[in-house]
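Working notes, structure below.
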Amino acid sequence: MPQTPIFPSMLGSTCSGQVQPEMGERCGDPIYQDGSLVSGSLEVLIERLMPTLDYYPMRTYIFTFLLSARVFIHPYEILAKVGQMCVKQKQQLESGSETDKAKLKSFAAKIIQLLREWTETFPFDFQDERARKELRDIAQRITQCDEENSTIKKSISQMTQNVLLTLSTRGQFQEIREKIRQPVCDKSTILKAKPQSSQKDILSVCSDPLILAQQLTTIELERLGNIYPEDLMQIISHMDSWDNHKCRSDVTKTYNLEAYDNWFNCLSMLVATEICKVMKKKQRTRVMEFFIDVARECFNIGNFNSMMAIISGMNLSPVARLKKTWSKVKTAKFDVLEHHMDPSSNFCNYRTALQGATQRCQSANSSREKIVIPVFNLFIKDLFFLHKIHSNLLPNGHINFKKFWEISRQIHDFLTWKQVECPFEKDRKIQTYLLTTPIYTEEALFLASFENEGPDNHMEKDSWKTLRSTLLNRA
């Protein structure tokens, strides 16, 4: 039986999946291209997942199939079909001869290996009680293959315990997941002529750009660690459109993705808040230059997500309009950073930098060199368009597995990046400030900006009066 190796990219001019069967192939037959499976019916793909005495699917196929099949069928239904195939093969091998008993043990070991890979890679498929029931049923059948030996029973017991532990951990994380930090309007700070001398700012907590960049990286890696491949597949396959990327109401919310997206927005708003709340221009200039240095250190580390969040915060209108402050800032380094994040040509410069970081990661000898944290919004956007542009099914009814190879390749890269052990020691004082210090609403940011540098034109003057009146009335 041909194997199904993973490959750098199969999507080219024929990525829409117009693969025609070779002469003599039936519509139900799988289609291979250069030795790799590119399409087949769901039934055939499930058969390729199922081990036999002389065949075991490659890990890349197991990962790609289990990742993509959820678009067409629930995981518990796949487990049910695997269970049915187990029964058939077990019945064929239960003739009673010593040879068949040995084959039965070998077959049981392969089924356990498949289930172990499934439960370790996609443990949250087993949040569904129906999936856990199917797993128990298969385990019971496999245990009967070698009742004299307790090894199989121990393996199954350990696997089940690991799944329950992982599910319990995630359940606790969702229960205590951080409350979304709501932007606030601190009127005691904004609506006054002078700031409080005791008011904390980022420079009083951390004045070293490298250390702050490292602490941002520890936060990023911690949040990446809570995102799983099925989360990514779920969100891209259930978004109505990129402009309105909210999951359908019938899909379980992906709290970890929401928390990570919220972190990016909070970091951007924190940067803007730290700049706008400073009333002295000289100090405000210093804060701006500090964040530029932090963003540059993030780039050097390979933390592109924090870098983008910082740049986004500095490009928010309340900050961008501070012309007198910007005139005092040494902007050469900021211009370089903006060049790396230039959106033209589909963020070509950023993608070049990301590719360089990826290559460094592949040949790295230390954890520091292995860090690659992509701009998460762009990563999801790439997956979304890859999923939407290429059809799931081909004209002959086959699943376009060529497409799912490419999606799984990109998600596999992401998994490699998120599994890097963070080399930086966590500083609780700095992280507490980054994660909990109050941030301004957009209205409050504009008002603080106008307090620092007065309106330049009639439109800004009207906006200033309206905002001031609104916030005072709320007080």
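Using modelled atom types, one side-chain atom of Trp405 and one backbone atom of Leu37 make a donor-acceptor pair closer than 3.5 Å. Formation of a donor-acceptor pair under 3.5 Å by the Lys403 side chain with backbone atoms of His390 is found in this model. Using a distance-only test at 3.5 Å, with no hydrogens or angles considered, no donor-acceptor pair links the side chain of Asn349 to the main chain of Asp342. Here the side chain of Lys281 pairs no donor or acceptor atom with the backbone of Thr325 at under 3.5 angstrom. The backbone N or O of Arg284 sits nowhere less than 3.5 Å from a side-chain atom of Glu274 that would complete a donor-acceptor pair. Judged by distance alone, the side chain of Ser449 and the main-chain N or O of Pro318 form a donor-acceptor pair under 3.5 Å. A donor-acceptor contact shorter than 3.5 Å is absent between the side chain of Glu77 and the backbone of Ile73. Although no hydrogens or angles enter the test, the distance criterion places no donor-acceptor pair under 3.5 Å between the side chain of Glu117 and the main chain of Arg59. Looking at Ser327, its side chain does come within 3.5 Å of a backbone N or O of Lys324 through a donor-acceptor pair. Counting only distance, with no hydrogens or angles, the side chain of Glu453 and the backbone of Lys323 share a donor-acceptor pair below 3.5 Å.
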Candidate pair Ile310 and Leu216, rule side chain to side chain contact (heavy atoms under 4.5 Å, CB included), full reasoning = CA-CA 11 Å; Ile310 293 171; Leu216 289 172; 4.1 Å; yes
Show the numbers, then the answer: is there a side chain to side chain contact (heavy atoms under 4.5 Å, CB included) between Asp125 and His74?
-> CA-CA 9 Å; Asp125 285 351; His74 291 290; over 6 Å; no
Test Thr218 against Gln431 for side chain to side chain donor-acceptor pair (under 3.5 Å), laying out the working first.
-> CA-CA 9 Å; Thr218 63; Gln431 294 210 4; 2.4 Å; yes
Chi angles and distances behind the side chain to side chain contact (heavy atoms under 4.5 Å, CB included) call for Thr64, Phe401 = CA-CA 9 Å; Thr64 302; Phe401 210 65; 3.6 Å; yes
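Here the options are Phe126, Phe122, Trp118, the test is side-chain contact (heavy atoms from CB on, under 4.5 Å), and the partner is Pro75; only Trp118 passes. For the side-chain contact (heavy atoms from CB on, under 4.5 Å) test with Val372, the passing option among Thr358, Thr416, Asn303, Val420 is Thr358; the others fail.
The number of heavy atoms from other shown groups lying within 6.0 Å of CG (Asn457) is above 12. For CZ of Arg360, the number of neighbouring non-hydrogen atoms (other residues, nucleotides, ligands) closer than 6.0 Å is greater than 12. Applying the 6.0 Å contact sphere to CD of Glu421 captures no more than 12 heavy atoms from other residues, nucleotides or ligands. Counted within 6.0 Å of CZ on Arg132, heavy atoms from surrounding residues, nucleotides or ligands total more than 12; the atom is thus considered enclosed.
Between Leu337 and Ile292, the shortest heavy-atom distance links the atoms CD1-O, 3.5 Å. In plain terms, the two heavy atoms of Leu322 and Met288 that are nearest each other are CD1-CE, 4.2 Å. Across all non-hydrogen atoms, the minimal contact from Tyr440 to Met269 is O-CE, 3.1 Å. Contact record, Phe264 with Asn305: CE1-O, 3.5 Å, taken as the closest heavy-atom pair. Of all the heavy atoms in Ala320 and Asn315, the pair that sits closest is CB-O, 4.0 Å.
Applying the ring-ring contact (aromatic ring centres under 6.0 Å, His included) criterion to Phe446, with sequence neighbours excluded, gives no partner residue. Among residues two or more places apart in sequence or in another chain, the ring-ring contact (aromatic ring centres under 6.0 Å, His included) test is passed with Phe334 by Trp326.
Between Phe304 and Phe379, the distance separating the two ring centers is not shorter than 6.0 angstrom.
Tyr228 carries Lys418 over the face of its six-membered ring, with the cationic atom under 6.0 Å from the centre and within 45° of the normal.
A salt bridge links Asp382 with Arg351: the closest approach of a Lys/Arg side-chain nitrogen to an acidic carboxylate oxygen falls below 4.0 angstrom.
With 3.5 Å as the limit, one finds no donor-acceptor pair spanning the side chains of Asn226 and Glu222.
By the 30° and 60° cut-offs, the orientation of the rings of Phe65 relative to Tyr61 is parallel. The aromatic rings of Phe414 and Trp417 sit perpendicular to each other, their planes meeting at more than 60°, with 30° as the lower class boundary.
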